[in-house]
Amino acid sequence: MLFCSHEFKLAIRNDIYSIPEGQASECIQHLTADLSESMEWMKTTCSLADEEVFGESNANSSMHGFDLQVELFGRGLSEVYALVLDSLNVTAGNSSIVGRTMKDLMAVIRPYMSILVGPESESVNEFISSVTGRTSDVRLAGNTHDMLKFGVSTHWVLVFFSRMYMSCRSLYRQAVSLMPPDVSRKMSAVMGDPFTAYSARDWMNKTDWTDGGYFSWILQPSASLPVIIQSVSDIYLQGYVADCCPLIYVLLTMALQRLVDLNRQIKSFEYLQQSNDNIIQFKLLDDAGSSLYSKRSRKCGKRIAVFKQEATDLTEFLMSYLSFLDNERLPVNSSNAATFVDTCNQALHGSDKWVFGVSSVNEKSLPAAIWWIICQNIDIWSPHASKKKLKMFIKHVILTSLPYITKGCTQVERHHTNEAHFLDKISVHQISAELLADSVLYEHKFVRRHLASRFCNLLEKSILPLFGDVKLNMSPKWKEGLSALENSYVVLSRKSSTCDELTGGKPASHLLSEMAADISRESTAVKFTACQSLLRLLCWMPKGYINSKSFSLYVTSTLNLERLVIGHLLECGDSFFSHKQYELLRLLVACRRALKCLIMAYCEEKVRTTHSALIPVLFEDVHSVLWLSRSVSVVFRLQETLSEDKACEVADMIFSLMDHTSYVFLTLSKYQCPSAVSIIAEKPYTEQLNSDVTQEQSSVNESLPCLDTSNDVESCKSVILIAESLKEQAQDLIISLKDAHCNEKSSDEIDVDWNKLSSMVSCFSGFMWGLASALDHSNATDSDYKAKLLRWKCEVISKISHCINAFADFICFSFHMLFVKDDLQPNHLSATGNFVKSDDRDSSLVSGDSWKVTVNKHGSQSENVTSIAGILSKLDSYECLPLNKEWLQSFLEGDHPKAAVLIRQLLIAASAIVKLNLETKCTPLLSSLVPSFTGISQVLLLKLADGTEVPKPFSFVWLDGVLKYLQELGSHFPITNPTSTRNVFSKLLELHLKALGKCISLQGKEATLTSHDKELSTNTLHSHIGSASLSHPYYLDEFKARLRMSFKSLIRKPSELHLLSAIQAIERALVGVYEGCPIIYEITTGNVDGGKVSSTVAAGIDCLDLVLEYVSGRKRLNVVKRNIQSLVAALFNIILHVQSPLIFYRIAMDSERYNGPDPGAVILMCVEVLTRVSGKHALFQMDSWHVAQSLHIPAALFQDFDQLRISQGPALSNSLLNSGSQDCNTVGGRDTCVVDLQFSVELYTACCRLLYTVLKHHKSESERCISLLQESERVLLHCLEMVDVDLSVRKGYFSLGVHEGVKCASSFRRIYEELRQQKDVFGQHCFKFLSNYIWVYSGYGPLKTGIRREIDEALRPGVYALIDSCSADDLQYLHSVFGEGPCRNTLATLQHDYKLNFQYEGKV
């Protein structure tokens, strides 16, 4: 239907918005007249239909005509009328006349609606008869089906009048609120509205308030809205209501309007009642006055009771339609895979979406329309809903959001919008997901009170098909759980007491046999999906509302579910249950992820509000922390029992499980340490000096009374609890390692449980990083914090320090034992027997002798150097450790992933120790740790940079440990002696350059600068994945970002000497030479494939960009200034060598040009760095020839752009680019290259940016090189002629799309606009640029096609700017030169449009 089409409604809305305010009343008058005609039309045609019913036998056709008529009346006309009224613009100037014309409109509606809202029981039937002209007896003439159909179709009449009344009521109230006081009171009295026209003082002084109800504007007195709703429901909404969906929506909307009024009246009368009670209570009046106010108070109480009852009735009606959402919920306790998948697919494809129109509400979209009303107005109806209904609402919110979560949508999708940015359509699942993501939801008390309990209840139901009837809210019994874990070490398949306890004594094996009865893996996965979706929902929904009670409930349920899952994992020992194991492992990872998110959010909120983050549940029992680490270790033992086809997925899950656990420990220590440490640091210095050794060795409870509050005491206990529990596990593990080595002396390798080691290291690295973060934060907020830390003598710090020493010892021992080989043995693990003996196990973690033996053997470091500054100054004197480089190389090839993960965890732990040294200056063991981990970091990054094969994606994941370590190591250079550490600093710079160059080579044309990522992040398309074609480009991008962070730590606050070393290293890289090796030149040109540069050259460009962005301070900037000329010259040299038409092509992987960075990406990076330099003219001066070269670059790069073919062989010469007969499929047996559209657009916009930046900041130099600017402008303008060219004109040649062309034109016009901004300098030349534009626009360009309309529209503001810069003589000169023809006509048209749309004439 035309009236209901979206485009038609949008056109009406826009037209009504544009009506001047003085004509709003005329619009209402026309609508009134049209409404009167529509009513007459209804009566006349319905009467004729009546005659046909009694006069002819074909009653069915007559009934069909009647149905169409009332549907047109209620669906079409009501939509248009309501849209007109809702779109009118009411102001203070037209409010009075709008109010008067609204009274005339109501005069047409009132006679009909007064029948509907009257007190008679048959008012609905009489109302329908008055509108249609038919009596109720007419329905008796047909059969039963006709009677039913006639009765249902008349609901459109109710829809029409209800919508008209709601729109009129809203518009009239808006007008009344803008009228003068006297007029507004009279107008509001007509409506029976006691609030809109009165101030608070007037309202309190008035005593004869009357409220005629929702329909008081129609009839006084009138029936209440609940009564009318009930009357309508009795007739139309009994049984099957699919045909009355719009009526339901309208009734719900009316109920909400009335609830708004009732809430305001209830609040007002409650305030008035309280005011009267206060007067009586404080005896401010005599007895007579008190009696009067007491009477008023009772009267207010009666009114409040009446209003609340009506509000309760309306809310009950509103909430009664929650049952319509039952089909939209995810069946959490259902094992029916078909139902589950159907629900998820429905959410994904949006078959039940509502298009935001009353007339468009049907059986499918009604749930979405109802849910939209309810969720958008929670604050209106929630005060009057029962506790049961509130819980039901929360339940529906969670369940209806799960289909989106199940489909992996971790972020709520934005609604579809049209060109006017109005909402287009939405589904139930979108509404719920967006509601849960909105923090406003959690401001409601009932949500904060009931959400946790409802969620956990649903979580219990979701695991019902998996584990039976389980109570997850019971307090965890950690001893039993840990005992079950210990038993699993002895017999993996032994029955876990945890399962029996949680399942009420029902054997887990029985439950597993029930699960195994499923014949398909899909049905098994479906059983787990609901629970996983709930946990995923818990991770991303806002948690700032969580209080201690809710947090305890969430964590208890999550931990109990963890214990249940692990118990079943231990029983799934054979291959028959391998798929069950896989799903259980996924569920365990989801549990640990949810636990991490909960703890992080709760601690952040508690610290923000109370400055204390004592965590319930986890610190109520010492065994809870043990569970976090040991449960992970036990699960890792099950990896071998899973089938090989899931090996990669299982490895990813185990890695995630390890990472989540590490973050849990990080958060626990980070937020527990500050409250304990701050109090300890404030302990009087004299008291600390008097504390002797005996006091330091006393128990924790005896040393804690010095703290101020019980929370601080508990925080100290919790910190010590974590540290000591981790230390005990580390001691046990290192003893087992020594024993394993002693028992395997005759074998080549030691039997190492890599996952167990990795999990242990990840736990205490998380703890140390949390401690380091806490100290870093305290150091930033307290200038005396380091001095206080140096005076720590109390036992709490002693215990923590002792544990950190043990961790450092464990790290060094594990590293040397597993990755360092001895000179005497060929195998990398056999030499550990020379320095590790089993009888030394009791003292190894205390003294650290176990690793000092190896250090003294392989190094020459003196024992008195303990700080990192001292170690870095003499790092060159260390001998390289005999690492097994071939074995490490295999890690990059994807072999030994478990050992690679362990290296990552060891490096992260080492970086935490380095960070702690920076904060406390008291971390030991650095003389071994720093050389060892610096050495392996160098080996690994060099192996990555020098490798010829594409690394496995997982390599970029575990190598981030190297970058984390180097980042923390780099932050120590500012406090070192720059002279003694210059060599080490330079080596680290070279290492970063090589690794960064490798990343740039792998990224291909997607390689960009940091500044480019920030400015154009939304424009990067991932339609291809660079030259490397990695399966996971995200890993490479993240690795490169982490590498940049590590490099920034070296250059952010360096000494002048260190910065000079960095600048010199970057300059050598840009020039293409090595230090001390000037013969080798890494920039080449002259072959048919275009120029090439090495990866180090590309990395130099990236690092120069980082230097320009992050180096600050006068002295440091002076160092950059002294070298900027040579750096800029090197950039021009790179562009000169590499430029070629082939830079626009995407290089094939097997091409010879694939060996290094993509030349096009290198040129783009150079252009962007030149733009940055030219934009900082106050800091970095550019020579005149630098400006000239900058203006020439766009012309040089794009001069052959119009000759590019769509696809091209990679080894063709430039002369073949123009060959029309060239076969573009294969060249020499190699794949063809295709023009990279996205890159071409980015390079074009970068060149435009370079031009207008140079024009802005180097005006005089640019004016002297105006011919170069004109040439670049001409070439770039010719490129815009290539937009969407007909293939018949340019068959086989490349052309830009319209969207890309508009983007390029928008950048190009900035050149014209900048010329106007610098009119004083370039004004005399602007007519030349205008002439060139007119020439191309008129069809005299190289392609003779002119410029498309879309491109011209994007260019016009810039063209108008050129005209504005031209003098009258210049324009007259162009007029004369063009002569008769299209160019003169174009100039005249441009001048006319300029005066009409652009020129300022001094008028507003």
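Residues: numbered from 1 along the sequence shown. Because only heavy atoms are used, hydrogens play no part in the values below, and waters and symmetry mates are left out as well, while side chains stay in.
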Worksheet item: Counting N and O atoms only, with roles assigned by atom type, does the side chain of Glu1067 sit under 3.5 Å from a partner on the main chain of Ala1062, one being a donor and the other an acceptor?
Response: no
Worksheet item: Is there side-chain contact between Val1283 and Val1302, with heavy atoms separated by less than 4.5 Å?
Response: no
Practice prompt. Using modelled atom types only, decide if a donor and an acceptor are shared between the side chain of His1392 and the backbone of Ala1388 within a distance under 3.5 Å.
Written response: no
Fill in: Modelled atom types, side-chain donor and acceptor of Gln1125 and His1186, under 3.5 Å
yes
Discussion item. I'd like to know if Glu1038 pairs up with Arg1042 as an ion pair, taking the criterion as any Lys NZ or Arg NE/NH1/NH2 lying under 4.0 Å from an Asp or Glu carboxylate oxygen.
Written reply: no
Practice prompt. Could you grab the distance from atom CG of Leu1390 to atom CG of Leu1362, nearest 0.5 Å is fine?
Written response: 10.0 Å
Item to complete: Would you name the heavy atoms of His1325 and Glu1263 that are closest together and state the gap between them?
Response: NE2-OE2, 3.0 Å
Fill in: Carboxylate-amine/guanidinium contact Arg1316 Glu1313, below 4.0 Å
no
Worksheet entry | Any donor-acceptor N or O pair under 3.5 Å, side chains Gln1270, Asn1332 | no
Worksheet item: For Leu1108, does its backbone N or O pair with a side-chain atom of Lys1176 as donor and acceptor, under 3.5 Å?
Response: yes
Item to complete: Measure the spacing between CD of Glu1006 and CD of Gln1238 and express it to the nearest 0.5 Å.
Response: 9.5 Å
Worksheet item: With a 3.5 Å cut-off and no angle check, do the side chains of Tyr1394 and Asp1364 form a donor-acceptor pair?
Response: yes
Practice prompt. Using only heavy-atom distances, determine whether the side chains of Ser1338 and Thr1386 contain a donor-acceptor pair under 3.5 Å.
Written response: yes
Discussion item. Between Leu1009 and Leu1106, is there a side-chain heavy-atom distance shorter than 4.5 Å?
Written reply: no
Practice prompt. Side-chain contact test, heavy atoms from C-beta onward, threshold under 4.5 Å: evaluate it for Lys994 versus Ser1095 and give yes or no.
Written response: no
Worksheet, complete the sentence: Looking only at heavy atoms, the pair that brings Val1359 and Tyr1312 closest together is N-CD1, 4.1 Å
Worksheet item: Between Glu1350 and His1299, does any side-chain donor sit less than 3.5 Å from a side-chain acceptor?
Response: no
Worksheet entry | Ser1331 side-chain N/O to Phe1327 backbone N/O, donor-acceptor pair under 3.5 Å | no
Fill in: Distance, nearest 0.5 Å, that separates OG1 of Thr1010 from CD of Glu1168
10.5 Å
Discussion item. Could you check whether any side-chain heavy atom of Cys999 comes within less than 4.5 Å of a side-chain heavy atom of Leu1036, counting everything from C-beta outward?
Written reply: yes
Practice prompt. State plainly whether the residues Asp1352 and Arg1356 are in salt-bridge range, i.e. N to O under 4.0 Å.
Written response: yes
Item to complete: Check step by step if side-chain contact (heavy atoms from CB on, under 4.5 Å) holds for Tyr1145 and Leu1204.
Response: CA-CA 9 Å; Tyr1145 288 93; Leu1204 296 180; 3.9 Å; yes
Discussion item. Ring of Phe1378, cation from Arg1384 - is the NZ or CZ under 6.0 Å from the centre and inside 45° of the axis?
Written reply: no
Worksheet item: Under 3.5 Å, is there a donor-acceptor pair between the side chain of His1258 and the main chain of Ser1174?
Response: yes
Worksheet, complete the sentence: Tightest non-hydrogen contact, residues Met1165 and Ala1098, listed as CE-O, 3.5 Å
Worksheet entry | Nearest heavy-atom neighbours spanning Leu1255 and Gln1318 | O-CG, 4.0 Å
Practice prompt. Run the numbers on Leu1002 and Lys998 for side-chain contact (heavy atoms from CB on, under 4.5 Å), then give the verdict.
Written response: CA-CA 6 Å; Leu1002 292 174; Lys998 182 65 174 181; 4.3 Å; yes
Item to complete: Test side chain to side chain donor-acceptor pair (under 3.5 Å) on Ser1126 and Asn1123 and set out the steps.
Response: CA-CA 6 Å; Ser1126 59; Asn1123 297 272; 4.9 Å; no
Item to complete: State the CG-OG1 distance between Leu1250 and Thr1171, to the nearest 0.5 angstrom.
Response: 4.0 Å
Fill in: Considering all heavy atoms, the nearest Ala1305-Ile1351 contact
CB-CG2, 3.7 Å
Worksheet item: Is a salt bridge present between Asp1102 and Arg1044, judged by a nitrogen-to-oxygen distance below 4.0 Å?
Response: yes
Discussion item. If I take atom OG from residue Ser1306 and atom CD from residue Glu1353, how far apart are they, to the nearest 0.5 angstrom?
Written reply: 11.0 Å
Worksheet item: Does the Asp1158 side chain pair with the main chain of Gly1160, one donor and one acceptor, at a distance under 3.5 Å?
Response: yes
Item to complete: Using the side-chain contact (heavy atoms from CB on, under 4.5 Å) rule, take Asp1202 and Tyr1293 through it: C-alpha gap first, then chi angles, then the decisive distance, then the call.
Response: CA-CA 8 Å; Asp1202 59 343; Tyr1293 286 91; over 6 Å; no
Worksheet item: Between Glu1109 and Arg1172, does at least one N-O distance fall below 4.0 Å, as a salt bridge requires?
Response: yes
Worksheet item: Taking C-beta and beyond as the side chain, do Leu1197 and Tyr1244 meet within less than 4.5 Å on heavy atoms?
Response: no
Practice prompt. Nearest 0.5 Å please: distance from the CD1 atom of Ile1163 over to the CG atom of Leu1131.
Written response: 12.0 Å
Worksheet item: Asp1370 and Gln1324: side-chain donor and acceptor closer than 3.5 Å?
Response: no
Discussion item. Is the shortest side-chain heavy-atom distance between Val1235 and Ser1240 below 4.5 Å?
Written reply: yes
Worksheet item: Pick from Ser1307, Pro1194, Ser1262: which one makes a side chain to side chain contact (heavy atoms under 4.5 Å, CB included) with Leu1251?
Response: Pro1194
Discussion item. Would you say Lys1256 and Gln1317 are linked by a side-chain donor-acceptor pair, where the criterion is simply a distance under 3.5 Å?
Written reply: no
Discussion item. Taking the six-membered ring for Trp, are Phe1198 and Phe1144 closer than 6.0 Å centroid to centroid?
Written reply: yes
Fill in: Steps toward side-chain contact (heavy atoms from CB on, under 4.5 Å) verdict (Met1182, Ser1190)
CA-CA 10 Å; Met1182 294 179 67; Ser1190 299; 3.7 Å; yes
Discussion item. Between Glu1281 (side chain only) and Thr1345 (backbone N and O only), is there a donor and an acceptor less than 3.5 Å apart?
Written reply: yes
Fill in: Ser1272 side chain near Val1275 side chain, heavy-atom distance below 4.5 Å
no
Practice prompt. Taking the six-membered ring for Trp and the full ring for Phe, Tyr or His, determine whether the centres of Phe1294 and Phe1201 are under 6.0 Å apart.
Written response: yes
Worksheet item: Taking side chain as C-beta onward, heavy atoms only, is Lys1319 less than 4.5 Å from Leu1315?
Response: no
Discussion item. If I compare all heavy atoms of Ile1000 with all of Pro1157, which pair ends up nearest, and what's the gap?
Written reply: CG2-CB, 4.1 Å
